[in-house]
There are 2 protein chains.
Amino acid sequence: MSQQRHGVTPGNAPGDRAGAVPAFPDLPEATIARLPEYLRALHNLGDAAADTISSEGLAAAAGVNSAKLRKDLSHLGSYGTRGVGYDVTLLIEQIEYVLGLDQRRAVCLVGLGNLGHALAGYDGFASRGFKIVALFDADASKVGELIQGLEVRHIEDLGRVAVEENIAIGVIATPALAAQAVADVLVDAGVTSILNFAPCVLSVPANVDVRKVDLAIELQILSFHEHRKASLTALPGGRSAASAGNQEAVGS
Amino acid sequence: MSQQRHGVTPGNAPGDRAGAVPAFPDLPEATIARLPEYLRALHNLGDAAADTISSEGLAAAAGVNSAKLRKDLSHLGSYGTRGVGYDVTLLIEQIEYVLGLDQRRAVCLVGLGNLGHALAGYDGFASRGFKIVALFDADASKVGELIQGLEVRHIEDLGRVAVEENIAIGVIATPALAAQAVADVLVDAGVTSILNFAPCVLSVPANVDVRKVDLAIELQILSFHEHRKASLTALPGGRSAASAGNQEAVGS
DNA sequence: CGCTGTGAAGTGGTTCACAGCA
DNA sequence: TGCTGTGAACCACTTCACAGCG
């Protein structure tokens, strides 16, 4: 593995290798998507367990196999000790650094319908490195409402507030029809990461990252597997679990 | 789930290929995950557009490239016409059939906190082939509450109700600590598909499919990209969009 | 002639299996 | 000896490029 020098800014990275090139360790996307899972597992473990963990143990806690975990961690220069395992604290620091969680990123949430309300109140954000600093809605009747101590503002103020509050990530929880317009406003305001809950495709400039969560799609994928399972079990007499399914839970 | 074996029965499939093998078309996972997206795009189009659509057009509407779309559709035996495109109605039927959406699947929701409430009220489920038929919570003070016309029941009733209502899919929106226990109950009740919103790994038998949605993880992945972008722009003087980002929105 | 359907090539990710270090 | 780190084989998916059909 080459890119040992993960840290860009020396002194910021927990592990300070000598001459650190400015290049950011470019991890495979698949690895990036799993790092948060490892981090969660480590935090759970850290509470009650030893200060070191084997790849086998951590892999089990994160729901992956150990070879994959080792390869993933090796990408970040890895902080394991052969014959022993990984130092839990060090590994947490390292992953948090790579994910950029050492700086709490400001998040704004647009659309305070059903889902938006829930997201505004979701404590999993705060506890895992994010702070919702502003709420927006286009509906005048919602503006001014207090949710979790934050006042809902009108979408028109988004541009100004986004800059003021240095918002890095925008969450869209509006109806599909409004989503593209909201995305445009976010992009104009300098936001370069968007989490989209609206069931539609957003078009954004190349430098903006969009991730999409579509709850109905998740169910439809499960529906497919139900359909498949049903068509495999010759004649499903009852509710008994049968047949040879795939050997492990389908990944996210 | 006494699921009648729809899949195989001839006359159920919209397209009746001659000797149709009983084997279920086993599509690549990646394809399955995209079919719902195509379906949504088709529905959007169907409203206002012609009754036929080219791979190029549909691909654009679904946010993928046309080669991928054609390959995906070819897996299901494909219903396009060379030189013309795909028949919108026929394609919708075909995809809905493969996904098993022709039968509305009963869904139950466990955990009526913040997120659970939002999910219970999310109309995107009903409109896309699913019906939430039961709500459960372990908190006695929540039992009896009416949400969207459904009464919250105690988790103890889950086993019985799941069988009565023929529930196919369980949605877990409980705190992480409760999630495994809930999953166990669901599995015991014969549910073979689970959508898990709790930030933890579930262990389930091989025949049960689990999909996980972790909102904080989505943000953490975006955070990584923010971090990366910040480290690439030499010194990010302001909020100007700069640098060469990845050329398209990051997939889900 | 245009667009689908698809072999073939290319890419990225996973798994294996073991070298190498504590 | 035990466990990490990693080349190499393997596999899944994507993309290309074009044959083939309407």
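What's counted below: heavy atoms across the whole structure, side chains too, no hydrogens, waters or symmetry copies. Residue numbers start from 1 in every chain, and the chains themselves are labelled A, B, ... in the order their sequence lines are given, proteins ahead of strands.
Atom-to-atom, CZ of R82(A) to P of dC3(D) comes out at 14 Å; the value is rounded to the nearest Å. Going from atom CG of L91(A) over to atom P of dC3(D) covers 17 Å, rounded to whole Å. As a whole-Å value, the separation of K71(B) NZ from dT15(D) P is 11 Å. Atom CG of D72(A) and atom C1' of dT4(D) are 14 Å apart (whole Å). The CD-P distance, from E29(B) to dC11(D), rounds to 18 Å in whole Å. The interatomic distance linking Y86(A) (OH) with dG2(D) (P) rounds to 18 Å, in whole Å. We find that CG of D87(A) is positioned 15 Å from C1' of dC3(D), with the value rounded to whole Å.
Looking at K229(B) and D209(A), a side-chain N of the basic residue comes within less than 4.0 Å of a carboxylate O on the acidic one, giving a salt bridge.
Of all nucleotides in DNA chain C, those with any atom nearer than 4.0 Å to a heavy atom of chain A start and finish, going 5' to 3', at dG13(C) to dA22(C).
No option in K68(B), R70(B), K71(B) other than R70(B) meets the side chain to side chain donor-acceptor pair (under 3.5 Å) test with S55(B).
A donor-acceptor pair under 3.5 Å is formed between the side chain of H227(A) and the backbone N or O of V98(B).
The side chain of K68(B) places an N or O atom within less than 4.0 Å of a non-bridging phosphate oxygen (OP1 or OP2) of dT15(D). For dT14(D), the OP1/OP2 oxygens have a side-chain nitrogen or oxygen of R34(B) closer than 4.0 Å.
Both G83(A) and T31(A) lie near DNA chain C, and the one whose nearest nucleotide falls closer to the 5' end is T31(A). With DNA chain D read from its 5' end, the first of the two nearest nucleotides for P28(B) and E56(A) is the one closest to E56(A).
With a 4.5 Å cut-off on side-chain heavy atoms, L202(A) and I172(A) count as touching. A heavy-atom distance below 4.5 Å is found between the side chains of V171(A) and L219(B). In this structure the side chain of L35(B) reaches within 4.5 angstrom of the side chain of L99(B), judged on heavy atoms.
Looking at R228(B) and H225(B), their side chains do bring a donor and an acceptor atom within 3.5 Å of each other.
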